[in-house]
Amino acid sequence: MEKTYQPQSIEQPIYQRWEDEGYFSPQGSGAPFSIMIPPPNVTGSLHMGHAFQHSLMDAMIRRERMKGKRTLWQPGSDHAGIATQMVVERQLAAQNITRHDLGREKFLEKVWEWKGQSGGTISDQMRVLGDSVAWDKERFTMDSGMSAAVQEVFVRLFDEGIIYRGQRLVNWDPVLHTAISDLEVISEEENGFMWYFRYPLADGEKTADGKDHIVVATTRPETMFGDAAVAVAPDDERFTDLVGKFVELPLVGRRIPIVADEYVDKEFGTGCVKITPAHDFNDYEVGKRHDMPLINIFTDDAKINENAPEKYRGMDRFDARKVVVEDFDGLGLLEKVVDHKLKVPRGERGNTVIEPYLTQQWYVAVETLAKPAIEAVENGDIQFVPKQWENTYFSWMRDLQDWCISRQLWWGHQIPAWYDAEGKHYVGMSEDDVRAKYGLAADLELTRDEDVLDTWFSSALWTFATQGWPEETQDFKDFSESDVLVTGFDIIFFWVARMIMMTLKFTNKVPFKTVYITGLIRDERGDKMSKSKGNVIDPLDLIGGIDIESLVKKRTYGMMQPRLAEKVEKNTRETYPEGIQAYGTDALRFTLCSLASGGRDIKFDLNRLEGYRNFCNKIWNATRYVLMNTEDQDCGQNGAEAELSLADKWIISRLQHAEEAVNRAFDTHRYDLAAQALYEFMWHEYCDWYLELSKPVLWDENATPAQLTGTRRTLVRVLEAFLRLAHPMMPFLTEEIWQRVAPLAGVEGETIMLASYPEAEEAKKDAQSEADVEWLKGVIEGVRNIRGEMNIAPSKPLDVLFRNGSEQDKARLEANLAFLQKLAKLETITWLNAGDEAPMSATALVGDMEVLVPMAGLIDKDAEIARLQKEIDKAAKDLERIEGKLSNESFVAKAPEAVVAKERAKCDDLKLMVSKLEEQKASIESL
RNA sequence: GGGUGUGUAGCUCAGUUGGGAGAGCGUCGCCCUUACAAGGCGAAUGUCGGGAGUUCGAACCUCUCCACACCCA
């Protein structure tokens, strides 16, 4: 084996072999266990969040597979309507072609062509990450099977009256010309203005303070053409008398009423709000309450339409805004303009300001679907982890809006609706089906709805449509009710909830039993990773490494603003002066698992990754040691006689505890604790102690073959078990090593992937050995402490004496002489009986027993006094606290007996310790 | 404004039913000891955000205040 761990050279060949052998596909006859991948956007690439979620999903699926389950991790991607269409349109634009030039059919051919070329990016990344997904079952939301399911669902929901066509306000992208979902709208605070407009009162009315106008404050002057009323708070005394009166809308000359509505905040602005029901979501609601007309003043491009005075028609909304303000000013109706911060809704894709816009769209009436979806979580059929998120789910489900599912795009599932010349719609599986279903004449002209469905509509069917539904296939039966969904909290609404609704509706099953919500991976400073901030880390760069120049190039590529690019470059060079090293997939996966503690935000710290890369190296080197000492030797595979040492029994016992801890952590979705338990066991028990304890046996010329076999057997067996235990989190390293170690451990199998997952065995726990090793460690650490504090080189052999030891101490000493000599580097050990003289020594306490290191020539008197004083102070502080506790009568009276007894014992120990240390100090001082 | 969450060592974070404050990284000292310097051994480090309450006992439960983050309006 190489001297250091080189992940690059082992990882991909192993993956290739796994894939070729078909290990990822469901197999065996165990109970089914499935995870459906949240289908990534086909235009994208995997980011840290994906790497995080995939690491967890793969860990789960690998463990269940090893436990003998028939596992399916379903891969696939979604067709990402807008994003994909835009990518292809941009390519066409480079050749000066629009999609309209091509026409729908040709354009869609181009999209499929593009998908064929670029759609593989994500699968390639997943292979690098080691994802054990069933590639032969990979699905795309535009596959024919998915399309059939989508159509089936649409038609059935329509026939039940759950899908309907209606006119509502939607988020309209005036550049892309489509409705978009709330998710695709990003509202962020921007600097703007609040304009104060005077609206003259009609019919000679006056305000309470004698003015002939009221003042409305608005951030969107141009929408005033669509004003339907002015609203005031019902309890606002300033305007009580004006409710029911009218104002004359300037520039338009229309009379609009003054109404009272709860929506208005008295304190905000002037207390008078212009209500534009066709162009604002809140106003729409107000308008509905007061039966106001919906006056749409925009075209699809957000230009002023014919409902506004002629002068303004055809103006862009922002040009119109300027002109309206100027005209108000000219009329003396502009009271003031103040700076104002406001949330501006922008489209995620084109950064266009999104317009609330009145259009005909298809909707899903969600009320009847929501009820069972809420119940499924209430009654525990579906559980969120961490449980906290159930509240988020409920709060959204209780306040549901009907779901707008149509999009004015070409790329997506075309809506199976046809219109006759009068615009009446018919829904069915095909035009023929529609004619038959509705009894339409063969010569009646029908045109199909041009629009497509929201991408989320098809992803909502993901768990069952991927498994063959509407056919009752075996896969559907086995896997469609999946076990765990792993996803981020940002799509609980958009995806998780909708999946639950649709799946319950059409299959009467839940889509998943557990929803594990991951935290959001942030950069080292706690900022969200985003392209525009230039702080994105590509998981593949952590795995394969990247030099600083390439990293800067990658991060600033395509940045429009040079100033921003400069800043990004500076930050990048500061944070990664040397670029990023290659840490390997296993280290990354293990790191990500160790960060999965259930928190909301996760700062990604490269030091952590480095630490776990070092852990990989530690495992690697421990293996080298094991192989050096076991290869070509008898490790008991063939049943040779084996005698287990104390260390052997101890590490076997500790392994049971580790197995227990890891399994418990997995079962409770605490992957951080599982990682911690693996780390702790491997590094601090197996490597730090057990390997060292194995040396005195293996290097003992007088060791019997049975003793040698016992230790070799334990070395390989415990390592082999650890590899299986760790495999779900670090698949490559463990496979590489397992291939060599398993035969020595007498374990057969082609791959660790299909080996059994370790479970603790109660019978292998050995409390006596654990106590004995604790004693051994106490002695060794005592001596090491003296060495360290006194600056005695580790290489210098020491003579030590044991004083005031019990029979048990003596027995332990005799049994473990070799261990002690090797690990504490001792020349001689002398047992002192009562009354024996001891030289002046530095002392370590192990229980009541004193371990003495003679000072002559080694130890400075003052230094030893100082060291003892430090120990005394520490013990005395503890003692003081405990004595205080015990002298408190109510503590002794009311605390549980066991607690009191424990404190008493501790108190006695400390007293003894302090007195011994004091004694020792005094005797040195008297020298 | 409404809701949710977070605040523990210099940094990143654990802390399971209230009963001895922990880990990793970093820091300091010693050491190339035949698996590993991506290492070994040893050491230092905390008014557990502030305050009040419940309790024999609070990092943990209750209230309140402060700071920060996110979601919704």
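Letters go in sequence order (proteins before strands), and every chain restarts at 1.
- Put simply, A:Lys618 has no side-chain N or O that comes within less than 4.0 Å of OP1 or OP2 on B:rA35.
- The six-membered or imidazole ring of A:Phe384 lies away from that of A:Tyr516, with a centre-to-centre distance of 6.0 Å or more.
- Of the two residues near RNA chain B, A:Tyr263 and A:Arg522, the one whose nearest nucleotide lies more 5' is A:Arg522.
- The phosphate of B:rA43 (OP1 or OP2) has a side-chain N or O of A:Asn785 nearer than 4.0 angstrom.
- Rounding to whole angstrom units, CE of residue A:Met682 and P of B:rG24 are separated by 16 Å.
- Ranking B:rC41, B:rG15, B:rU12 by closeness to the A:Arg784 side chain, first place goes to B:rC41.
- Partner assigned to B:rG7 is B:rC66, using Watson-Crick or G-U wobble distances below 3.5 angstrom.
- In terms of polar N and O atoms assigned as donor or acceptor, the side chain of A:Glu692 comes within less than 3.5 Å of the base of B:rA35 in a complementary pairing.
- Residue-to-nucleotide proximity on RNA chain B shows that, of A:Lys894 and A:Trp689, the 5′-proximal contact is made by A:Trp689.
- Here A:Trp396 does not count as stacked on B:rC72, because the ring centres are not under 5.5 angstrom apart with planes under 30°.
- Separation of the P atoms belonging to B:rA44 and B:rA23 is 12 Å when rounded to the nearest angstrom.
- Of all nucleotides present, only B:rC31 satisfies the Watson-Crick or G-U wobble test against B:rG39, with each distance under 3.5 Å.
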